[in-house]
**Q** 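Okay, here's the structure, questions in a sec.
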Amino acid sequence: MMENRRIEILHAFSSIVARHGVNRTTMRDVAKETGYSIGTIYNEFANKEALIDGLFEQKKIEFEKLLLHLSGVCHAESEMRLRRFILGYIQEYNQKMRQDYAFVELVRDARYFRFIGLKAVDFNQFIRRKVLAILEGILQAGVQAESFCITDIAVTAIVILNAFTMYLLPSPAAEKHSDSIAKEAEAMLELFIKALRTR
């Protein structure tokens with residue numbers, strides 16, 4: 001029951017931030033949106049910063065599940081696994097950003113609010129570590145299968161991630177059409193795969 005209430009409060013907070021921005025969202029707004037008393041809101045979340053923390057933690061869980069799903073062990077060769085993971089991640093990430101305007105607003109506002117900025121950096125580092133671990137696993141499997149010729153897997157994974165990061169920022173994802181993003185990412189991925197091939 002209490003966990004459901006926390007989720008309901010976070011959902012209301014997210015909804016209000018999407019409509020009015022984080023700066024104009026108050027704890028009273030959240031209470032009004034949920035129908036809970038202001039005391040109940042404060043019992044669950046000490047202040048607006050705690051709500052922001054909760055939202056970022058919720059996003060970490062969502063993205064970790066997404067990455068786990070996209071990296072699920074399939075029996076395809078490494079080239080296909082790399083394609084599925086990178087293109088799937090870009091597609092799913094951009095779709096999430098389009099659907100969750102509040103989160104986009106929090107990430108955009110991060111430069112104006114020191115507290116949010118720290119949370120956004122922590123979130124990005126968390127996701128980056130997870131993605132790098134998955135990329136390293138795919139590249140290692142490709143080297144072992146003699147599909148890829150890579151001398152430094154960790155550095156190669158970083159280069160690949162850095163190259164595709166431009167497709168994962170909230171503002172381009174929200175402003176560019178998904179077909180355009182997908183075509184650009186596919187073209188870049190083809191260049192990487194050609195460079196990685198042993199033959």
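The structure displayed is predicted, hence computed values, not measured ones. Note: hydrogens, waters and symmetry copies are ignored here, and every other heavy atom, side chains too, is used.
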**Q** Given the rule that I, L, V, M, F, W and Y join up when any side-chain heavy atoms are under 4.5 Å apart, are Leu70 and Ile61 in one cluster?
**A** no
**Q** Kindly assign one of parallel, tilted or perpendicular to the pair Phe63 and Tyr89, based on the angle between their ring planes and the thresholds 30° and 60°.
**A** perpendicular
**Q** Taking the side chain as everything from C-beta on, heavy atoms only, tell me whether Leu196 gets closer than 4.5 Å to Leu139.
**A** yes
**Q** Can you name the closest pair of heavy atoms from Ser71 and Arg81 and give their distance?
**A** O-NH2, 4.5 Å
**Q** Which value, rounded to the nearest 0.5 Å, describes the distance between Ile181 atom CD1 and Gln95 atom CD?
**A** 12.0 Å
**Q** If I take atom CD1 from residue Ile160 and atom CD1 from residue Ile150, how far apart are they, to the nearest 0.5 angstrom?
**A** 6.5 Å
**Q** Is the shortest side-chain heavy-atom distance between Phe148 and Ile153 below 4.5 Å?
**A** no
**Q** Mind checking whether Leu189 and Leu191 sit in one hydrophobic cluster, side chains of I, L, V, M, F, W, Y counted as touching below 4.5 Å?
**A** no
**Q** Please report the closest heavy-atom contact between Thr34 and Ala12, naming both atoms and the distance.
**A** CG2-CB, 3.4 Å
**Q** Between Lys48 and Thr25, is there a donor-acceptor pair closer than 3.5 Å when you use the side chain of the first and the backbone of the second?
**A** yes
**Q** Can you name the closest pair of heavy atoms from Ser78 and Ala141 and give their distance?
**A** OG-C, 3.4 Å
**Q** Calculate, to the nearest 0.5 Å, the distance between atoms CD and CG belonging to Glu64 and Leu66 respectively.
**A** 11.0 Å
**Q** Would you check if the side chain of Ser14 reaches a backbone N or O of Leu10 as a donor-acceptor pair within less than 3.5 Å?
**A** no
**Q** Can you list every salt bridge (charged side-chain N to carboxylate O under 4.0 Å, His left out) pair that touches residues 24-40, not counting sequence neighbours?
**A** Arg19-Glu33
**Q** Looking at CD of Gln58 and CZ of Arg6, how far apart are the two atoms once the value is rounded to the nearest 0.5 Å?
**A** 10.0 Å
**Q** Below 4.0 angstrom, N of the basic side chain to O of the carboxylate: do Lys65 and Glu62 qualify?
**A** no
**Q** Which distance, rounded to the nearest 0.5 Å, do you find between the CE of Met27 and the CD1 of Ile9?
**A** 8.0 Å
**Q** Taking all heavy atoms of Glu136 and all of Ala157, pick out the closest pair and write down the distance.
**A** CG-CB, 3.7 Å
**Q** How long is the span from the CG atom in Leu51 to the CZ atom in Phe56, to the nearest 0.5 Å?
**A** 12.5 Å
**Q** Any side-chain donor paired with an acceptor under 3.5 Å for Asn162 and Arg128?
**A** yes
**Q** Are Arg83 and Glu186 within salt-bridge range, i.e. N to O under 4.0 Å?
**A** no
**Q** Do Tyr36 and Glu44 pair up side chain to side chain, a donor and an acceptor below 3.5 Å, judged on atom types alone?
**A** no
**Q** Okay, side chain of Asn94, backbone of Ile90: is any donor-acceptor separation there less than 3.5 Å?
**A** yes
**Q** When you check the gap from the basic side-chain N to the acidic O, do Lys60 and Glu57 get nearer than 4.0 Å?
**A** yes
**Q** Give the minimum heavy-atom separation between Phe45 and Gly54, together with the two atoms involved.
**A** CE2-CA, 4.5 Å
**Q** Can you see which heavy atom on Phe164 is nearest to which on Ala185, and at what distance?
**A** CE2-O, 3.4 Å
